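Each chain gets a letter, A, B and so on, in the order the sequences are listed, and its residues count up from 1. What you are looking at is a predicted structure, and each value in this text was computed from that prediction instead of being measured.
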Amino acid sequence: DAGVIQSPRHEVTEMGQEVTLRCKPISGHNSLFWYRQTMMRGLELLIYFNNNVPIDDSGMPEDRFSAKMPNASFSTLKIQPSEPRDSAVYFCASSSDSLRGETQYFGPGTRLLVL
Amino acid sequence: KNEVEQSPQNLTAQEGEFITINCSYSVGISALHWLQQHPGGGIVSLFMLSSGKKKHGRLIATINIQEKHSSLHITASHPRDSAVYICAVGGGGNQFYFGTGTSLTVIP
């Protein structure tokens, strides 16, 4: 398996633009997680899905952020409109069970810079 | 107060030294994870623990549920172990808490 795939790997955009980050989990995994990492706040869980259903989105910073998982092999994290403070590395991870039980496998991350 | 506290924040060791990184948490948990993040940014999950001890190569992770404490040990450290090690706990109510990480540098 290729592991968790994220795209793009790097994104530079201007404030106010829409940003869409994509994630393909490991085949057969039924849980998917979106994380954000910044120097100031470290790693933060934004949202996670179990069987394509959002279970906990309490970490999503505000309404500008939205995430979808239309099927078991694809998820998106969208920021609209983007702001400079959204600049961070966004990681996607998947596991074969829920947040609590199983090892998570991380993607390489998307480095986002909002100017 | 942070739900997960790691120590030390920074650690420099000579190659071959035995290394211990500590993690204390204040919430009830279902599982504790040790993550490794290399300078390039990639994150690897090293261990997921709910009790006892796990070993993988030169890495050993232990957890004491009663004391709410976990340790990550690296035996015979090597420069390629240089990375940030992050402790994370999955708590009740679907919460997930991260430590701020321990930056390890192993000098040849």
With rounding to the nearest 0.5 Å, note down the distance linking CZ in Phe98(B) to CZ in Arg41(A). 12.5 Å
Of the backbone (N, CA, C, O) and the side chain (C-beta and beyond), which part of Ile86(B) lies under 4.5 Å from a heavy atom of chain A, both, or neither? side chain
Could you see if Leu11(B) belongs to whatever hydrophobic cluster contains Val4(B)? Use Ile, Leu, Val, Met, Phe, Trp, Tyr and a side-chain cutoff under 4.5 Å. yes
Gln14(B) atom CD, over 12 foreign heavy atoms within 6.0 Å: yes
Using side chain to side chain contact (heavy atoms under 4.5 Å, CB included), reason through Thr100(B) and Leu43(A) one step at a time and then give a plain yes or no. CA-CA 8 Å; Thr100(B) 53; Leu43(A) 263 173; over 6 Å; no
In terms of hydrophobic clustering (I, L, V, M, F, W, Y; side-chain heavy atoms under 4.5 Å; direct or indirect links), are Leu45(A) and Ile55(A) co-clustered? yes
With only heavy atoms counted, which part of Leu32(B) is less than 4.5 Å from chain A, the side chain, the backbone, both or neither? neither
Applying a criterion of heavy atom separation less than 4.5 Å, what residues of residues 106-115 of chain A form contacts with chain B? Phe106(A), Arg111(A)
Step through the shown structure and confirm whether more than 12 heavy atoms of other residues, nucleotides or ligands are within 6.0 Å of CG on Asn71(A). yes
The interface call for Gln37(A) against chain B, heavy-atom contacts under 4.5 Å, is side chain
Nearest non-hydrogen partners of Phe91(A) and Gln37(B), listed with the distance: CZ-NE2, 3.5 Å
With rounding to the nearest 0.5 Å, note down the distance linking CG in Leu35(B) to CD in Gln104(A). 7.5 Å
Hydrophobic clustering (ILVMFWY, side-chain heavy atoms < 4.5 Å, transitive) - are Leu46(A) and Met69(A) grouped together? yes
Common cluster, Ile19(B)/Trp34(B), ILVMFWY with side-chain heavy-atom separation under 4.5 Å: yes
With hydrophobic residues grouped by side-chain heavy-atom distances under 4.5 Å, do Tyr105(A) and Phe49(A) end up in a single group? no
Crowding at CD, Glu67(B) (>12 non-hydrogen neighbours, <6.0 Å): no
Counting neighbours of NZ on Lys54(B) that are heavy atoms of other residues, nucleotides or ligands and sit closer than 6.0 Å, is the number greater than 12? yes
